[in-house]
Structures are given as structure tokens and as C-alpha cells.
> 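Would you mind keeping the following structure in view while I ask a few things?
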Amino acid sequence: MKRNSRLSLALHTLGHMAGDPAGVRTSADIAEHAGTNPVVVRRVLGKLREAGLLTSEKGHAGGWRLAREPHEITLADVYLALDESLVATGEQEVASSCSVENILQRKVASVLEDIERSLVERLAATTIAEVRETGPIKHG
């Protein structure tokens, strides 16, 4: 999962939050646990807030909280909220004068789009709650 650190951070954080859905966690606590900077946490979790997966409260007792029950949040929800792609895009910046290369680029782009669609479908089949239930949770 470390290939995309934003996705890894988001899933890791939500996995822990699923254990105490009503709990509030600060950016500093999440950052310390994840071994990153609170600014990185706020950027990533801000995307999840925009997608309606988290809420945040400012102030002394503030922090991040799940906006929905863990069984209502799929891995696809998280992946799509971050607006990234684990599959390389087939976009071609400059059209080639070679017709074979152009055909190959279009075919590869089509295959990659199919893979991305399949990935999202597979991620949609698993919730944060299910990930949490698959085995003992170790902190660290």
C-alpha cells in the first residue's frame, strides 16, 4: 500500500477510527502515529471531509471524526475522494506522426481505463468496517 502514501495514510487512519467511530482524533495525534507531518494529515483528511467521509471541528476539543458509520464507507469512497489513480494514465501529451504508435497508445489507454474501472469496483466491495474485522488490530 505504500506506493501511494496519501491512500495509505487515509485508509490507515480510517481503519483506526472505525474502532471508535464516535471518537475524535487530532491531526497531531494521527501524524505522530503515522510518522508524518500534521499538515500532510490535514491535506489528506481534508479531501475525505470534502467527500463527506469525515467531519472536523476546530478548537481545544476539536479534531477529526467519521461522518458515516464504518460499514457505510467503502475503500472506493476513500480512493475516489483522493482523486488519484493507482493505474498509470494512457494520456498522450503530443500526438505522434507514427500511426502505429497512435493506435498502440489508444489501445493501452483503453486497457488502463478498464483496469481502473475494475479496481474501483473491487474497492467498492469492501468497507472500512470489514477491513477492521479481518483480524487482530496491531498498533504501529
Side-chain angles (χ1 to χ4, degrees):
M1 187 56 65
K2 291 295 183 185
R3 290 183 63 195
N4 181 318
S5 61
R6 289 177 4 136
L7 181 59
S8 180
L9 173 62
L11 292 174
H12 182 188
T13 300
L14 291 178
H16 282 287
M17 292 176 114
D20 180 17
V24 176
R25 290 175 174 76
T26 67
S27 298
D29 288 340
I30 294 167
E32 183 178 334
H33 182 80
T36 191
N37 188 295
V39 173
V40 172
V41 169
R42 285 190 288 276
R43 281 189 197 131
V44 171
L45 299 189
K47 294 248 184 206
L48 302 182
R49 180 185 55 223
E50 291 169 11
L53 304 178
L54 292 177
T55 61
S56 63
E57 300 169 17
K58 294 181 181 180
H60 179 68
W64 299 93
R65 177 189 322 254
L66 292 177
R68 302 189 327 217
E69 292 297 319
H71 68 273
E72 297 174 346
I73 301 172
T74 69
L75 300 186
D77 293 332
V78 179
Y79 179 75
L80 294 171
L82 296 175
D83 196 31
E84 291 189 359
S85 175
L86 291 178
V87 180
T89 62
E91 295 177 14
Q92 186 177 353
E93 290 183 17
V94 179
S96 172
S97 60
C98 175
S99 62
V100 171
E101 182 178 359
N102 288 328
I103 292 167
L104 285 170
Q105 288 295 328
R106 281 195 303 274
K107 183 61 178 172
V108 168
S110 175
V111 169
L112 292 175
E113 288 170 11
D114 288 346
I115 293 169
E116 183 73 18
R117 218 174 357 265
S118 176
L119 172 64
V120 172
E121 288 172 9
R122 300 268 317 261
L123 291 172
T126 304
T127 69
I128 294 296
E130 290 170 333
V131 169
R132 179 110 182 144
E133 294 166 358
T134 59
I137 301 299
K138 296 179 185 174
H139 296 281

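Every value quoted in this text rests on a predicted model; they were computed, and no experiment measured them.
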> Are any of the side-chain heavy atoms of L80 and V120 separated by less than 4.5 Å?
yes
> With a 4.5 Å cut-off on side-chain heavy atoms, are D77 and T127 touching?
no
> Could you pull out the closest heavy-atom pair between A28 and P38, with the gap in Å?
CA-CG, 4.1 Å
> Look at the side-chain heavy atoms of Ile, Leu, Val, Met, Phe, Trp and Tyr, link any pair under 4.5 Å apart, and say whether L104 and V111 land in one connected group.
no
> Atom CG in L7, atom NE2 in H12: separation rounded to 0.5 Å?
13.0 Å
> How far apart are the C-alpha atoms of H33 and I30, what are their side-chain angles, what is the distance that settles it, and do they pass the side-chain contact (heavy atoms from CB on, under 4.5 Å) test?
CA-CA 5 Å; H33 182 80; I30 294 167; 5.9 Å; no
> So do the side chains of L53 and R68 get within less than 4.5 Å of each other, counting heavy atoms only?
yes
> Measuring from R43:CZ to L48:CG, what's the distance to the nearest 0.5 Å?
14.5 Å
> Check the side chains of D29 and T26 for a donor-acceptor pair under 3.5 angstrom, ignoring hydrogens and angles.
yes
> Can a donor-acceptor pair be found between the side chains of S27 and W64 at a distance below 3.5 Å?
yes
> How about R122: does its CZ atom have over 12 heavy atoms from other parts shown lying under 6.0 Å from it?
no
> For T74 and I128, what are the C-alpha separation, side-chain angles and deciding distance, and is it a side-chain contact (heavy atoms from CB on, under 4.5 Å)?
CA-CA 6 Å; T74 69; I128 294 296; over 6 Å; no
> Are there over 12 heavy-atom neighbours, none belonging to E72, within less than 6.0 Å of that residue's CD?
yes
> Yes or no on side-chain contact (heavy atoms from CB on, under 4.5 Å) for E130 and H71, after CA distance, side-chain angles and deciding distance?
CA-CA 7 Å; E130 290 170 333; H71 68 273; over 6 Å; no
> Checking side chain to side chain donor-acceptor pair (under 3.5 Å) for the pair R49/S56: CA distance, chi angles, key distance, verdict?
CA-CA 7 Å; R49 180 185 55 223; S56 63; 2.8 Å; yes
> So do the side chains of R6 and V40 get within less than 4.5 Å of each other, counting heavy atoms only?
no
> Out of curiosity, does V24 fall in the hydrophobic cluster containing L14 (side-chain heavy atoms, cut-off under 4.5 Å, transitive links)?
no
> Any side-chain heavy-atom pair from V78 and L123 closer than 4.5 angstrom?
no
> Side chains of L54 and T13: does their closest heavy-atom pair fall under 4.5 Å?
no
> Treating Ile, Leu, Val, Met, Phe, Trp and Tyr as nodes and any side-chain heavy-atom pair under 4.5 angstrom as an edge, say whether L86 and L9 lie in one connected cluster.
yes
